[in-house]
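Data first, discussion second: the structure below is written as structure tokens.
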Amino acid sequence: MGMTLTEKILAEHAGRDFVEPGELVTVKVDLAIANDITAPLAIKQLEKYGIDKVHDPEKIALVMDHFFPPKDILSAQQIKISRDFAKKMGIKNYFEGQDSGVMHTILPEKGFIAPGDLIMGADSHTCTYGALGAFSTGVGSTDIAYIFATGETWLKVPETMKFTFYGKRQKWVGGKDFVLTVIGEIGVDGALYRAMEYHGEAIKDLPVEERLTITNMAIEAGGKNAIMEADEKVLEWLKDKTNKPLRMIKADKDAKYCCEYEFDASKIEPVVAAPNLPSNVKPVSEVAGRPINQVFIGSCTNGRITDLRIAAQILKGRKVHPDVRCIVIPASDRTYKQAMHEGILEILADAGCLISTSTCGPCLGGHMGILAEGEVCVSTSNRNFTGRMGHPNSEVYLAGPAVAAASAVLGRIAHPEEVVGTKEEVSV
Ligand SMILES: CC(C)[C@H](C(=O)O)[C@@H](O)C(=O)O
Ligand code: SF4
């Protein structure tokens, strides 16, 4: 019997020819990652058990991103603990402040991920890397401490769900609209402990960055991981970034899926996830007109260069509505520089956007854009739970960068066509 992409990677890392859903396997981990919130907890666990050495410092990466630059004394302490640990253990892949950014954006950019890899992270959006053909999933700090110490972990092989997107997507529709459509259909627990494998010509048509948006949100449907075949586009994207061997791993033709979903991309409109769940998905036309106070364009979901280009297309020569603070945070320093070279930062600054150095910041209600009671935000991030970005009575609408930018201009939730018209030539 054939294997799905996830099964193939797990089998390989377990030193087996074949695995099937439900089996418990011990796997070798290619990369274990943690951030300024989760690394200190893992370090504490290692100290508790008197472990003063990691298995392989090359296979660990620590990224200071959530409360970076440190927003208060506590976050400064967390970062110091992580930095001291990295020095003590000889972990060279420690990122803070220079050529850094949000972990799930910088690690692919820096070539840490290759197709077929198995990545474990003390952060739930570790699932992002599946767009590059890797198996990746989030775990808690105790699990990551164990992996730091041993280079291994155990996993239950998940069942795989197959999602196929065929047809040609409409203008202004991107990866975010695809993944929100999926979550709207299956719900926030629709993929519980399952692998979400994506296929179809509409997925292949997406730039790699927008595919990363899709895999990033697997956890919002409860998924163990999301994964896509690494095609030529992925290999091309990775070519200048990594020294790791690049290979194409495909799911077997006779692989067994627990269920299959098909979507016609041409029927998908720009959508939003209304408060307070990522599954509360509606076409933007249904909520258009709702006044807003803040727009956030950034995060590991939609803070990449392609997102900023779309925002700039809409905001060029226009102004952010006076009632709105529009916060733009490139998700990596490289993205920031690229946007600077392309003139995007100037366009956004001229429009009245507030542009910050790379950080998770407002995405988790950490800093740099907290919502007051009753305030409404359109955010390109991945979660809109009660109080996620501030006061429990604030509201977050999740959207792609086009809807976010259009809403910033009009001061209310808006379809991009309300701003640019239907004729303007765009390439998203
Ligand atoms: C801080 C971290 C544990 C958390 C996560 O795991 O997802 C954060 O990144 C988030 O998005 O809520
Ligand atoms: S950007 Fe948001 S979702 Fe991504 S890791 Fe940071 S806090 Fe989590």
Side-chain angles (χ1 to χ4, degrees), residues 32-44 61-69 71 74-75 78-79 82 95-96 100-109 119-131 136-145 176 179-180 183 188 209 212-226 273 276-278 296-304 307 327-333 335-336 356-371 377 379-390 396 398 401 404:
I33 63 176
N35 55 46
D36 50 324
I37 298 183
T38 57
L41 293 167
I43 294 164
K44 221 171 161 184
L62 304 177
V63 185
M64 304 299 106
D65 55 2
H66 281 68
F67 296 121
F68 188 85
K71 65 149 189 147
L74 188 61
S75 48
Q78 295 277 92
I79 291 166
S82 309
F95 301 107
E96 176 196 338
S100 188
V102 178
M103 61 195 318
H104 308 309
T105 305
I106 70 161
L107 294 174
E109 275 179 1
I119 323 279
M120 302 293 291
D123 189 281
S124 64
H125 294 103
T126 304
C127 52
T128 307
Y129 314 125
S136 59
T137 194
V139 289
S141 289
T142 312
D143 282 305
I144 215 73
K176 185 61 154 288
V179 70
L180 288 179
I183 300 167
V188 287
E209 288 85 352
L212 288 159
T213 300
I214 295 177
T215 46
N216 173 270
M217 290 192 71
I219 190 61
E220 265 54 68
K224 184 71 178 166
N225 68 311
N276 290 314
L277 282 178
F296 169 48
I297 299 174
S299 88
C300 60
T301 317
N302 283 110
R304 284 175 280 267
D307 302 307
I327 300 162
V328 178
I329 307 190
S332 72
D333 296 340
T335 305
Y336 190 104
S356 154
T357 179
S358 195
T359 181
C360 293
C363 170
L364 76 163
H367 59 140
M368 300 290 302
I370 306 292
L371 301 175
C377 176
S379 175
T380 68
S381 56
N382 49 35
R383 288 183 173 154
N384 59 351
F385 309 141
T386 303
R388 168 74 173 179
M389 295 182 73
V396 179
L398 302 176

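Each ligand, and each atom within it, is numbered from 1 in the order the structure gives. In this text, all values refer to a predicted model and were calculated from it rather than measured experimentally.
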Which of the atoms of ligand 1 are close to R383, meaning less than 4.0 Å from one of its heavy atoms?
7 (O), 10 (C), 11 (O), 12 (O)
Between the side chain of K176 and the main-chain N/O of T213, is any donor-acceptor distance below 3.5 Å?
no
What is the distance from atom SG of C360 to atom CE of M103, rounded to the nearest 0.5 Å?
8.5 Å
Any donor-acceptor N/O pair, T137 side chain to N225 backbone, under 3.5 Å
no
Please write down residue, atom name and distance for the protein heavy atom closest to atom 8 (C) of ligand 1.
H66 NE2, 3.3 Å
Within the 4.0 Å heavy-atom shell around S299, which atoms of ligand 2 are there?
1 (S)
Could you identify the single nearest non-hydrogen protein atom to atom 6 (Fe) of ligand 2 and state the distance to 0.1 Å?
C360 SG, 2.3 Å
Hey, could you give me the OG/CG distance between S379 and N384, rounded to the nearest 0.5 Å?
9.0 Å
Measuring from S381:OG to N302:CG, what's the distance to the nearest 0.5 Å?
8.5 Å
Below 4.0 Å, non-hydrogen atoms only: which portion of H66 touches ligand 2? Side chain, backbone, both or neither.
side chain
Within a distance under 4.0 Å of any heavy atom of I37, pick out the atoms of ligand 1 and give their elements.
1 (C)
Per side chain to side chain donor-acceptor pair (under 3.5 Å), D123 is matched among T128, N35, T38 by N35
Nearest non-hydrogen protein atom, atom 11 (O) of ligand 1:
R388 NH2, 3.0 Å
When you check the side-chain N and O atoms of T301 and N216, is any donor under 3.5 Å from an acceptor?
yes
With backbone taken as N, CA, C and O and side chain as the heavy atoms from C-beta onward, which portion of D65 lies under 4.0 Å from ligand 2: side chain, backbone, both, or neither?
neither
Where does N382 meet ligand 2, judged by heavy-atom distances below 4.0 Å: at the side chain, the backbone, both, or neither?
side chain
List every atom of ligand 2 that sits less than 4.0 Å from any heavy atom of L364, numbering the atoms from 1 in the order shown and giving each element.
7 (S)
Among all protein heavy atoms, pick out the one at the shortest distance from atom 1 (S) of ligand 2; state its residue, atom name and that distance to 0.1 Å.
C300 N, 3.4 Å
Identify the closest protein heavy atom to atom 2 (C) of ligand 1: which residue and atom is it, and at what distance?
D123 OD2, 3.4 Å
Test your reading of the model: is there a side-chain donor-acceptor pair from Q78 to the backbone of D36, 3.5 Å cut-off?
yes
Candidate pair L62 and F95, rule side-chain contact (heavy atoms from CB on, under 4.5 Å), full reasoning
CA-CA 6 Å; L62 304 177; F95 301 107; over 6 Å; no
Whether the side chain of T359 engages the backbone of D65 through a donor-acceptor N/O pair (distance < 3.5 Å, no angle test) should be reported.
yes
Could you list the atoms of ligand 2 found under 4.0 angstrom from a heavy atom of H125?
3 (S), 8 (Fe)
Does any donor atom in the side chain of H367 or S75 lie under 3.5 Å from an acceptor atom in the other side chain?
no
Closest protein heavy atom (residue, atom, distance) for atom 3 (C) of ligand 1
T38 CG2, 3.8 Å
Considering only heavy atoms of D123, which atoms of ligand 2 have at least one such atom less than 4.0 Å away?
5 (S)
Short list, please: which atoms of ligand 1 are under 4.0 Å from a heavy atom of S124?
5 (C), 6 (O), 7 (O)
Between atom 2 (Fe) of ligand 2 and C363, is there an N, O or S atom separated by less than 2.8 Å?
yes
